[in-house]
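Each remark here refers to the structure printed beneath this line.
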Number of protein chains: 2
Amino acid sequence: MAWNTERTKELLLAAATAEFSANGLAGARVDRIAAAAGVNKERIYQYFGKKDDLFDAVLAAEMIRVMTEVPIRGSGPEAFGDYAGRLFDRHTTDGVLPRLVFWEGLERGRETVSRATRTDHCAIKVGQVMDVLPGVDREDAADLLITVVTLCDGWPVLPQIDALLAGSAPDRAVRRRAAIVRTATLMAGALLTDARAKEAAHPGV
Amino acid sequence: MAWNTERTKELLLAAATAEFSANGLAGARVDRIAAAAGVNKERIYQYFGKKDDLFDAVLAAEMIRVMTEVPIRGSGPEAFGDYAGRLFDRHTTDGVLPRLVFWEGLERGRETVSRATRTDHCAIKVGQVMDVLPGVDREDAADLLITVVTLCDGWPVLPQIDALLAGSAPDRAVRRRAAIVRTATLMAGALLTDARAKEAAHPGV
DNA sequence: GCAATTTCCAACCAAGTAGTTGCAATTGGC
DNA sequence: GCCAATTGCAACTACTTGGTTGGAAATTGC
């Protein structure tokens with residue numbers, strides 16, 4: 001098993017992802033990560049530095065994974081609503097990223113937040129939203145994206161409030177999904193209408 | 001200072017609220033709570049039982065406080081949008097409740113979630129939403145409430161994504177507030193239209 | 001002032017923590 | 001088969017935690 005350093009890193013990253021997702025930054029146990037990976041504890045410090053750095057690596061990797069698995073494509077409000085639905089599905093079947101993001105938001109101060117979540121990756125998504133909804137400016141696109149991401153990410157992290165909905169757990173998820181898709185579509189449509197009205201009033205460049 | 005047990009409990013509850021909000025359930029330190037309250041550690045175990053029970057007490061008290069401070073009143077989609085705005089303001093000036101709710105969602109399993117957040121208090125709010133939007137059924141009202149609560153609570157807990165918005169911190173909050181109010185109003189209006197259409201098609205009881 | 005209760009103080013316990021170290025065993029390239 | 005790098009093992013350090021305990025001091029109703 002030795003000599004394959006890449007494999008060792010992957011094992012550690014996968015184990016760390018599960019551990020951090022379940023227990024957060026402070027709650028995660030380095031010993032558990034090493035044990036789950038079937039790798040020795042010192043490898044973590046050797047390859048990733050301190051616990052905090054390992055968390056950063058986990059978060060960045062998971063963001064990239066979700067961003068590539070759930071692309072924004074097509075055009076128009078319905079296309080954006082479709083994106084919202086796919087993001088919801090992704091987070092409902094695997095709530096790892098939402099949990100990591102909320103752990104970070106709660107445990108870290110505004111200044112110590114990782115670069116990955118701060119803008120680097122998110123800004124790309126804003127650009128994609130602008131592509132789907134031509135005419136909508138960057139600020140409005142950011143607002144819309146924040147709304148949808150908050151709704152999709154919040155669901156797997158708030159087991160309390162889903163008790164407000166009736167039926168079985170799958171039923172509740174289906175209901176919630178429909179509500180989010182509708183919200184996304186409606187808001188996207190409203191922003192598009194705004195943009196066209198503004199363009200008609202002040203024919204821009 | 002002795003002999004006033006009620007005062008002692010209040011001091012402990014206030015200190016515990018700040019500590020749990022900042023550090024979560026596992027991250028909170030009993031010693032710090034006692035020190036901040038200027039009260040001895042054993043009082044906590046005497047009055048509230050274990051750490052977990054103290055957290056429950058804190059969460060329930062904070063929910064009741066916010067529910068009474070931010071009532072749902074008036075009628076129509078704009079009234080509901082106004083509620084969303086006031087809830088956002090409340091959470092932006094004091095993010096304690098959102099933090100407590102998300103800490104609980106992350107740290108506790110679906111089954112061990114406190115009674116306070118599970119349905120007891122939330123169900124009351126659903127009823128109030130139905131009053132503001134007459135004709136909307138309980139399920140739709142719950143959907144709408146979940147959407148607004150998720151958006152308002154998510155904002156103070158996700159310092160990462162607000163970097164997507166431009167301008168100073170207050171500016172970003174103003175923008176976000178407007179976006180949430182608009183979403184709430186629009187969705188409330190849509191649900192109301194649905195309800196009236198359904199009523200017209202199948203004149204009910 | 002007296003008695004009952006509440007509180008403070010300080011130490012204590014068993015358990016668990018991140019991070020380090022020295023050494024032997026394993027592995028792959030050659 | 002040899003050598004150099006990687007890894008497992010196990011112990012260790014210095015520290016922190018929730019929760020408990022025993023006795024002395026402070027407070028209030030009467």
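So you know, we letter chains A, B, ... as the sequences are listed, proteins then strands, and number each from 1. Predicted, not measured: the structure shown is a model, and the values here were computed from it.
A close approach under 4.0 Å does occur between a side-chain nitrogen or oxygen of B:Y47 and OP1 or OP2 of C:dT7.
Atom pair A:L54:CG and C:dA18:C1' shows a separation of 13 Å (rounding to whole Å applied). The CD atom of B:Q46 sits 19 Å away from the P atom of D:dG18 (whole-angstrom rounding). Taking atom NZ of residue A:K9 and atom P of nucleotide D:dT6, one finds them 10 Å apart after rounding to whole Å. Between the P atom of D:dT6 and the CD atom of A:E42 lies a distance of 14 Å, rounded to the nearest Å. Between A:I44 atom CD1 and C:dG19 atom C1' the separation is 11 Å, expressed in whole Å. One can place OH of A:Y45 at 4 Å from P of C:dG19, the figure rounded to the nearest angstrom. In this structure, B:F55 atom CZ and D:dG18 atom P are separated by 14 Å, rounded to whole Å. Look at CG on B:N40: it is 13 Å from C1' on D:dT20, rounded to the nearest Å.
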Go through the steps to decide whether A:R90 and A:D94 satisfy the test salt bridge (Lys or Arg N to Asp or Glu O under 4.0 Å), and finish with yes or no. CA-CA 6 Å; A:R90 171 68 227 252; A:D94 172 12; 2.5 Å; yes
Stepwise, does the salt bridge (Lys or Arg N to Asp or Glu O under 4.0 Å) test hold for A:R65 with A:E62? CA-CA 5 Å; A:R65 171 179 299 164; A:E62 198 62 24; 3.3 Å; yes
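Rounding to the nearest 0.5 Å gives a distance of 8.5 Å between CD1 of B:I180 and CG of B:L87.
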Which donor-acceptor pairs under 3.5 Å do side chains of residues 150-158 of chain B form with protein atoms, sequence neighbours excluded?
{"residue": "B:T150", "atom": "OG1", "partner": "B:I146", "partner atom": "O", "Å": "2.7"}
{"residue": "B:D153", "atom": "OD1", "partner": "B:H91", "partner atom": "NE2", "Å": "2.8"}

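Between the side chain of B:K51 and the backbone N or O of B:A26, at least one donor-acceptor pair lies under 3.5 Å.
Ion pairing between B:D140 and A:R175 holds under the 4.0 Å rule for side-chain N and carboxylate O.
With hydrogens and angles ignored, a donor-acceptor pair closer than 3.5 Å exists between the side chain of A:K41 and the base of C:dG19.
Residues of residues 22-35 of chain A having a heavy atom closer than 4.0 Å to DNA chain C, listed by number: A:A28, A:R29, A:V30.
Between A:F102 and B:F102, the angle of the ring planes stays under 30°, which puts this pair in the parallel group of the 30/60° scheme.
Candidate nucleotides D:dG18, D:dA10, C:dG19 were compared by shortest atom distance to the side chain of B:K51, and D:dG18 ranks first.
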